[in-house]
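I have placed the structure first, in the form of structure tokens, so that the comments after it can refer back to it.
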Amino acid sequence: MERRMTRIGYLMLLPSVLLIAALIVYPVVNTIYQSFFEIRTQTAALGARFTGLDNYVKAINDTHFRDTLVWTLLFTGVSVGIELVIGMGLALLMKRKMPGQGLIRTAVLIPWAIPTVVAGIIWTQFFSQNGMINYILQTIHLIEEPLSWLGNQWLAKLSILIADIWKNTPYMSLLLLSGLLTISKDYYEAAQIDGATRWKQFTCITVPLIRSTMSVTVLFRIISAMRVYDLIVAMTGGGPAGKTETVSMYAVNTYFTYGNTGYGAALSVLMLLISIGISLLFVDSLKTKGSV
Amino acid sequence: MRKHYLLTAVLTAAMLTGCSSSAPEGQSQEPKAESGAAEETVIVNYYGRPDDNGVESAIVAAFEESHPNIKINYVELPDSSNDRLKTINTVLQAGDSSIDVFASDVTWPPIFASAGWVIPLDEYLEAGELDAYLEGPLSAFQFRGANYGLPFMADCGALYYRKDLLDKYGKDVPETWAEIMETGREIAEQEGGRMSGFVSYWMQNESLTCAMLEYYWEKGGEVIDEEGKSVLDEALLTETLAQMREAIESGAAAAGTETFGTTEARNVVTAGNAVFARDWLSGYVPYNNEETSSVAGNMEITSLPSFGTLGGWGVMVSAYSANKEEAVEFAKFRASEEAQMIADDLADITPTLKAAYEDGPFLEKKPDLPKFLPVLENSRPRPQSPFYAEISGIMQLEIHSVITGMTTPEEGAANITQQVAQVLQ
């Protein structure tokens, strides 16, 4: 009887397993397989040629790949770090009882709800030579001549970071807020009786208790920041001179636009490995210090 | 990441097979019931441009009306040209027959033709049928002596100039790039204010490669030979890059030109702040629209020095199609005068047929059309190499690096020459 139930259980799982296999396992395995071959759209008629690890060796020696990787990691670190701090601040603010709380929580979500490409276009207009940012800075006499925000590599990186932080902080703050709401008030009352300061309450109660929520939130954001694509395509197209091109953009260009399937696959696999590596760090921290 | 695209591709494929298997059941019965004829309805899958202003669906409807045996299953491609290439690429790479005929950018034919994914149309065409098309737009679909597609929408690089300002200062329309910058700077200095001599969109994208090629061709430079090998001339390339950088640094080009996309550059023109502009034919209408442009009626169009780069779209037929004959039938219709007229009624297009510029309904509707003809005749396709996208990627990065002052013209030219040779070896 019990065995039959188990079998039915597995059978019921089958559709989702098949779906996962078709949509996730197959593409991943196929990408890994392709990465060991020299395959080009342009010479597809001639077939693929097995080249072993050549594509990976090429990637490691590819200075442009290294540049894009450094920028992707820098982008991820800076944007997620700042989003965490601002997001935490916003979450603490939203947790307070105040008039119009619902309205504020909705309003904060707006940047996150706007499609990324649209947000990218809006920010491009703001940062353009004759855009609003230059106009404001000139009006308050911070600068004399308009700055070339998207033409200078550091300013372009800064512009992209600002746009991304604006776009994704709401997501962060909302998830953190949900974590904050699960903390029982009793802890704070007890701390207050013991005479703990607000800062002490924050570091000794709030932070440890939402650590697991925070880890998950940060992990989600890191994974999505690592594969940033649409925002930068809309804002700079990877310019100036490819300095804001991310690994995903390089991989997509190589694989699809240039038709260099094998090498593009190898770049994707490398990116996958790095993402998995970073995720593992977090999974570990979730296990050991997570639940209270 | 890639996973993402494959996922979309798989989903699209799933939806497509879903459509094509369910569609015949519903549709094939109707004609049988009506006519009782033995002829079966054939379904042709057409991957077309996005249905802006309902252009594609109107053309499909007109075709189905005149060809009762063929049903067109029109699939809208994504909005950006590169995403469209990705979608078609994914399906054809798998040798899938779910695409019969598709809309193609002028830079794609060499890619698909050399991969063997599209068929030459020559055996389906009658003698002289191709003579109806303008040579420039048609040449983009010719590869290694065969015709792989028919153009249905023309575009190319053009020079726009402020007629009123040239008249005011007694200047002729310039015939070289050096003259354009020189005249522009002179007039801008005398006009003062926010006026600049020249504007274009030189952000790091495909238009930047086109802009560079237009300079480079003027000097007699070539990119590839007939065998598809690189024949880049490093000295001419250095000169070209130096000239482009000079345009930015001397202030002849509007400040920020190296960061402008289409919208930002066009805003400078329509605000009346540029003497010259390099834009596509599609700039003519917005520049001369009285409601949105302060220079309407004064923005004249002419050919660029030497050549303008050819743009535009056409149709190609998949080698994996199960209904090639019907697919070609639709391709011919998509590029016919009737279809181009439908497209022009709903959205503004530039026709690819010679007759449209001589008489008939097109000319009645667009009296300015003959102005475009010399510009189009003066255009040429980008290097017809299957590896063009990669070459252009290399060029974009290096050109942008030079014009934003990160590398010197010499370094840029050396990098381009070396990397392009590597790709084409």
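Lettering of chains follows the sequences in order, A, B, ..., and the numbering in each one begins at 1.
- Minimum interatomic distance between B:T404 and A:G151 (heavy atoms only, all atoms of both residues): CG2-O, 3.5 Å.
- Nearest heavy atom pair, residue A:Q129 against residue B:F260, reads CB-CE2, 3.8 Å.
- Around CH2 of A:W166, the count of heavy atoms belonging to other residues, nucleotides or ligands within 6.0 Å exceeds 12.
- Put simply, of B:M406, B:E258, B:R194, the one with the most heavy-atom pairs under 4.5 Å next to chain A is B:M406.
- Distance CD/B:Q419 to NE2/A:H64: 9.5 Å, rounded to 0.5 Å.
- Rounding to the nearest 0.5 angstrom, the gap separating the OG1 atom in A:T236 from the NE2 atom in B:H400 is 9.0 Å.
- Contact count against chain B (heavy-atom pairs under 4.5 Å) is highest for A:N130 among A:N130, A:T124, A:V247.
- Here CG of B:N89 is found 8.5 Å from OH of A:Y255. Values are rounded to the nearest 0.5 Å.
- Around OH of A:Y56, the count of heavy atoms belonging to other residues, nucleotides or ligands within 6.0 Å exceeds 12.
- Without hydrogens or angle criteria, B:Q204 side chain to A:A241 main chain gives a donor-acceptor distance under 3.5 Å.
- Using a 4.5 Å cut-off on side-chain heavy atoms (C-beta onward), B:F387 and A:N260 make no contact.
- If you measure heavy-atom distances from B:F112 to chain A, you find no contacts under 4.5 Å at all.
- Neither the backbone nor the side chain of B:S385 comes within contact range of chain A; no heavy atom of the residue lies under 4.5 Å from a heavy atom of that chain.
- Other residues, nucleotides and ligands contribute at most 12 non-hydrogen atoms within 6.0 Å of the CZ atom of A:R49.
- Atom OG1 of B:T259 and atom CG of A:L155 lie 11.5 Å apart (nearest 0.5 Å).
- Using a 4.5 Å cut-off between heavy atoms, B:V423 does not touch chain A at all.
- Interatomic distance, A:F256 CZ to B:T87 OG1, rounded to the nearest 0.5 Å: 8.5 Å.
- Rounding to the nearest 0.5 angstrom, the gap separating the CD atom in B:E264 from the CG atom in A:L150 is 8.0 Å.
- Among A:P240, A:G237, A:S148, the residue making the largest number of heavy-atom pairs under 4.5 Å with chain B is A:P240.
- Neither the backbone nor the side chain of B:N205 comes within less than 4.5 Å of any heavy atom of chain A.
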